[in-house]
Amino acid sequence: MADTKKIRVRIAPSPTGFPHIGTIYQALFNFAFAKKHKGKFIVRIEDTDRTRFVEGAENAIFQALDWFGLTEDESPRFVGDYGPYRQSERLDLYHKYAQVLIDEGHAEFVYYKKDEAGQKKDYSDGNNEKAQSVADSKPPKNVQEMVETENNDWIVRMIVPKDEKIEVDDQIRGKIEFNTNEVNPQVLLKSDGFPTYHLGVVVDDHLMEISHVLRAEEWLSSFPKHKLLYDYFGWEMPPVFHTATLRNPDKSKLSKRHGHTNVEWYRLEGFLPEAILNYLALLGWSHPEEKEVFSLDEFIDKFDLKDIRPIPPVFDVVKLMWMNGLYIRERLTLEELRDRLLNFYSTLREVESYINNDKVLELTKTRMETLGDFKKLVLWSPEETVDTALKAELRDGLEKISENDWNKDVIFGNFKKFMEEKNVKMPVLYAMFTGRKHGLPLPDFMAALGKKESIERLSL
RNA sequence: GGCGCCAUCGUCUAGUGGCCUAGGACACAGGGCUUUCAUCCCUGUAAUCAUGGGUUCGAAUCCCAUUGGCGUCACCA
């Protein structure tokens, strides 16, 4: 009998900053799995930490997903049957289930209070009687009362059995055994009435009928905690896949300090979203035919959860660069490239005429790794010192070429003569026209620009 | 430190007991093409499969230990 259960997967980003490349990595695998099985890809916003909340961060996540073509099926903006999709709007649910846990003896009220330094302080030492003896207030009768009390100092904490084996099954690594002594009694409901991640994720994944959980490896340690919660509720835990986390070159968790984690950086540099996705797909997974270059559709077609490897990959921007260049020169037509460039340089008017020049565009196509490279190729950028007198001579020589004869062969003939007479080499000419020793094939470039513009440029 | 995960060229990886004196890609080096720089093509350097023990006729592949790396131990996710 085939599994008729609907495939529903999710990512659960928190709106605490810029969209992270690691989130896109997670989104890619979840998205591919959902699409492959005609399931739903869901985005649930985990905004339970009000101290880290960043205005606009949620919207940035959606913009990033759209840019990559990983648009979700259900989320706060595409409300489905399982909403709300923001945890801050689901508080009553967490209160209800926290109460269930208390009623069944799996959670308890504990007294916490800030000390003079403003640090949170646990007065209970895991001993609830002691907590109550030092408390300034009586424990609330129930969750309802707790969340309605102002300046509440009580929290709801889960109760963890002592010295019991707890086995958990990671679909990528296999069975892992923990002792419950290693599971810390997690706070489930904070004093402000908001849930912690752990309560939220268990309740929501269950209520939203998430069928498979693909999440980052750093959650592996809290796996037994979640398993315990599922058991307490009497719910069946969906299969969980812990994917390896992206690493810095020094193997530490990919971070701002060592690498580029902000999706916006990649966009601003002129990376193509499809190239980034292709590169990301190669981390922790490999194409069955060992192909390196493939589309998102092909990835979806070939992707299988069984092929995900547990080894944490280093995110190599150099290889990403190569792949991006490859996409620009092999996967984009001239027209498509033009559209991308026009869009990328929408605020830089001075490159527009170059983008709209077919010949120039062709010349740049094999010389760009990112869209950001384009302006360096076509614009004057002074890096070399130029002999202005010599430059004027070159210009005067070129000026003598008639409008009709202005083509790359005649221009090059002129160059040859000039180089012989002045005893200079090509790089000198390049510097005079572009400011740099190297660049677009000069005769072709000048021919493409036309006599008038070329001469003008030499007059600068 | 406790607990957990991981371990093939610098990096991404192929490899699931014999086809491996370990294959591909990036990077790097050299060469070809060429009017600079690229693209493109060819060649090369690079892993005693972390180390040490087993199991087996046979191990990168299975088992154990060690070492190393990483993760996690919050009223953050």
Side-chain angles (χ1 to χ4, degrees), chain A residues 12-16 46-52 87 110 112-114 120 122 152-157 168 170 172-174 176-179 181-184 186-198 200-201 215-225 242 244-245 247-253 279 282-293 309-323 325-326 329-330 363-369 373 377 408-409 411-413 415-416 419 425-431 434 436-444:
Chain A
S14 55
T16 52
E46 312 233 325
D47 56 348
T48 56
D49 185 353
R50 295 159 312 136
T51 62
R52 294 204 309 155
Q87 290 192 322
V110 175
Y112 273 63
K113 195 174 176 153
K114 287 189 178 113
K120 301 283 187 183
D122 177 1
N152 164 59
D153 288 321
W154 293 82
I155 53 90
V156 174
R157 197 167 71 175
V168 110
D170 176 65
I172 292 174
R173 280 157 261 262
I176 305 167
E177 200 177 80
F178 291 86
N179 186 298
N181 292 348
E182 292 141 21
V183 179
N184 83 306
Q186 181 67 44
V187 173
L188 298 176
L189 220 49
K190 310 180 214 176
S191 54
D192 63 5
F194 277 64
T196 57
Y197 170 82
H198 306 279
V201 74
R215 45 143 72 143
E217 189 188 6
E218 54 255 45
W219 296 111
L220 201 51
S221 304
S222 28
F223 201 179
K225 191 182 297 176
H242 289 98
T245 37
R247 298 298 172 84
N248 294 309
D250 70 355
K251 307 277 187 184
S252 58
K253 197 159 92 169
Y279 175 69
L282 254 21
L283 303 179
W285 181 85
S286 65
H287 192 287
E289 292 148 38
E290 281 197 66
K291 280 172 75 172
E292 299 246 325
V293 185
R309 289 166 42 98
I311 310 163
V314 170
F315 190 94
D316 182 6
V317 185
V318 175
K319 187 160 183 177
L320 206 209
M321 288 267 189
W322 162 78
M323 181 155 288
L326 185 146
R329 78 183 94 92
E330 289 181 18
L363 295 175
T364 58
K365 210 177 179 222
T366 57
R367 275 164 259 251
M368 276 187 278
E369 287 206 310
D373 289 339
L377 253 17
K408 68 170 179 133
D409 294 327
I411 296 169
F412 184 58
F415 279 0
K416 279 215 287 222
M419 288 191 291
K425 295 232 159 44
M426 279 306 271
V428 177
L429 299 191
Y430 276 90
T434 67
R436 308 207 258 182
K437 272 191 282 197
H438 311 293
L440 265 23
L442 213 44
D444 302 70

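Lettering of chains follows the sequences in order, A, B, ..., and the numbering in each one begins at 1.
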Go ahead and name the base partner of B:C37; Watson-Crick or wobble counts if both distances stay under 3.5 Å, otherwise write none.
none
Would you classify A:Ile155 as touching base, sugar-phosphate or nothing, given that sugar-phosphate means primed atoms plus P, OP1 and OP2, and contacts are heavy atoms under 4.0 Å?
base
Given that both distances must come in under 3.5 Å, which nucleotide forms a Watson-Crick or G-U wobble pair with B:G10?
B:C26
Mind calculating the distance between CG (A:Leu440) and P (B:U39) to the nearest angstrom?
14 Å
Evaluate the ring planes of A:His198 and A:Trp219, with Trp represented by its six-membered ring, and classify them as parallel (under 30°), tilted (30 to 60°) or perpendicular (over 60°).
perpendicular
Closer than 4.0 Å, any side-chain N/O of A:Lys291 to the OP1 or OP2 of B:G24?
no
Would you indicate which nucleotide in B:C40, B:U72, B:C5 comes nearest to any side-chain atom of A:Glu218?
B:U72
Is any side-chain heavy atom of A:Glu292 less than 4.5 Å from a side-chain heavy atom of A:Lys319?
yes
Roughly how far apart are A:Arg329 CZ and A:Arg367 CZ, rounded to 0.5 Å?
11.0 Å
Would you say A:Tyr430 places a side-chain N or O within less than 4.0 Å of OP1 or OP2 belonging to B:U36?
no
How close or far is atom C1' of B:A7 from atom CD1 of A:Ile172, stated in whole angstroms?
17 Å
Ignoring the backbone of A:Ser286, work out which of B:A25, B:U13, B:A77 is nearest its side chain.
B:U13
Remember a base hit wins even if backbone is also touched, and classify A:Glu289 as base, sugar-phosphate or nothing at under 4.0 Å, heavy atoms.
nothing
What about A:Arg173: does its side chain form a donor-acceptor pair under 3.5 Å with the base of B:C5?
no
Assess whether atom NZ of A:Lys365 is packed by more than 12 heavy atoms of other residues, nucleotides or ligands within 6.0 Å.
yes
Taking the side chain of A:Val314 as its heavy atoms from C-beta onward, which of B:G23, B:C12, B:C75 lies nearest to it?
B:C12
Using purine N1 to pyrimidine N3 plus N6-O4 or O6-N4 for Watson-Crick, or N1-O2 and O6-N3 for G-U wobble, both under 3.5 Å, which nucleotide pairs with B:C19?
none
Would you say A:Lys190 places a side-chain N or O within less than 4.0 Å of OP1 or OP2 belonging to B:A77?
yes
To the side chain of A:Thr196, which of B:U72, B:A77, B:C37 is closest?
B:A77
Round to the nearest Å and state the distance from A:Lys408 atom NZ to B:U36 atom P.
12 Å
Would you mind telling me which of A:Asn152, A:Thr48, A:Val156 makes a side chain to side chain contact (heavy atoms under 4.5 Å, CB included) with A:Lys190?
A:Thr48
Between B:G2 and B:U61, how many Å separate the two C1' atoms, rounded to a whole number?
32 Å
Could you pick out which residue, A:Ser252 or A:Gln87, lies toward the 5' side of RNA chain B when each is mapped onto its nearest nucleotide?
A:Ser252
Quick one: which of B:U35, B:G4, B:C12 gets closest to the side chain of A:Asp409?
B:U35
When the C1' atoms of B:U55 and B:A65 are compared, how many Å lie between them, rounded to an integer?
15 Å
Need one value for A:Lys416: base, sugar-phosphate or nothing, where a base atom within 4.0 Å counts as base even if backbone is also close, heavy atoms only.
nothing
With a non-hydrogen cut-off below 4.0 angstrom, is A:Arg52 in contact with a base, only sugar-phosphate, or nothing?
base
Does B:C62 have a Watson-Crick or wobble partner in any strand here, with both distances under 3.5 angstrom, and which is it?
B:G54
Any heavy-atom pair between the side chains of A:Tyr279 and A:Asp316 that's under 4.5 Å?
yes
Classify the nucleic acid contact of A:Pro313 as base, sugar-phosphate or nothing, counting any heavy atom under 4.0 Å across all strands shown.
sugar-phosphate
Distance check, C1' atoms only: B:A38 and B:G32, in whole angstrom units.
15 Å
What nucleotide among B:U39, B:U11, B:A74 has an atom nearest to a side-chain atom of A:Asp316?
B:U11
Using atom CZ of A:Arg50 as one end and atom P of B:A77 as the other, report the distance to the nearest whole Å.
11 Å
Tell me if the side-chain of A:Glu182 makes a donor-acceptor pair with the base of B:G4, cut-off 3.5 Å, by modelled atom types.
no
Are the side chains of A:Val428 and A:Met426 in contact, using a 4.5 Å heavy-atom criterion?
no
Among B:U35, B:C12, B:A27, which nucleotide has an atom closest to any side-chain atom of A:Trp322?
B:A27
Quick one: is A:Lys251 getting a side-chain N or O under 4.0 Å of the B:U11 phosphate, OP1 or OP2?
yes
Verify the contact: side-chain N or O of A:Arg309 to OP1 or OP2 of B:A7, cut-off strictly under 4.0 Å; return yes or no.
no
Grab the CZ-P distance between A:Phe223 and B:C73 for me, whole Å please.
16 Å
Confirm from the modelled atom types if A:Lys319 and B:A25 form a donor-acceptor pair under 3.5 Å, side chain to base only.
yes
For B:A38, does the base pair up with any side-chain atom of A:Thr366 as donor and acceptor (N or O, under 3.5 Å, distance only)?
yes
Return the CZ to CD1 distance between A:Arg247 and A:Ile311, rounded to the nearest 0.5 Å.
11.0 Å
Between the base of B:C73 and the side chain of A:Ser221, is there any donor-acceptor pair under 3.5 Å?
no
By nearest heavy atom, map A:Phe412 and A:Glu46 onto RNA chain B; which one lands nearer the 5' end?
A:Phe412
Complementary nucleotide of B:G69, counting Watson-Crick and G-U pairs under 3.5 Å:
B:C5
Distance in angstrom units between A:Phe178 CZ and B:G71 C1', rounded:
11 Å
Pair A:Arg173 + A:Asp170: basic N to acidic O under 4.0 Å
yes
Base partner of B:A46, which must satisfy Watson-Crick or wobble distances under 3.5 Å:
none
At less than 4.0 Å, is any side-chain N or O atom of A:Thr48 found next to OP1 or OP2 of B:A77? Yes or no.
yes
Rounded to whole angstrom units, what separation is found between the CZ atom of A:Arg247 and the C1' atom of B:G71?
7 Å
Check the distance between B:C70's C1' and A:His242's NE2 and give it to me in whole angstrom.
15 Å
I want to verify a distance call: between B:C70, B:C12, B:C37, whose nearest atom is closest to the A:Arg367 side chain?
B:C37
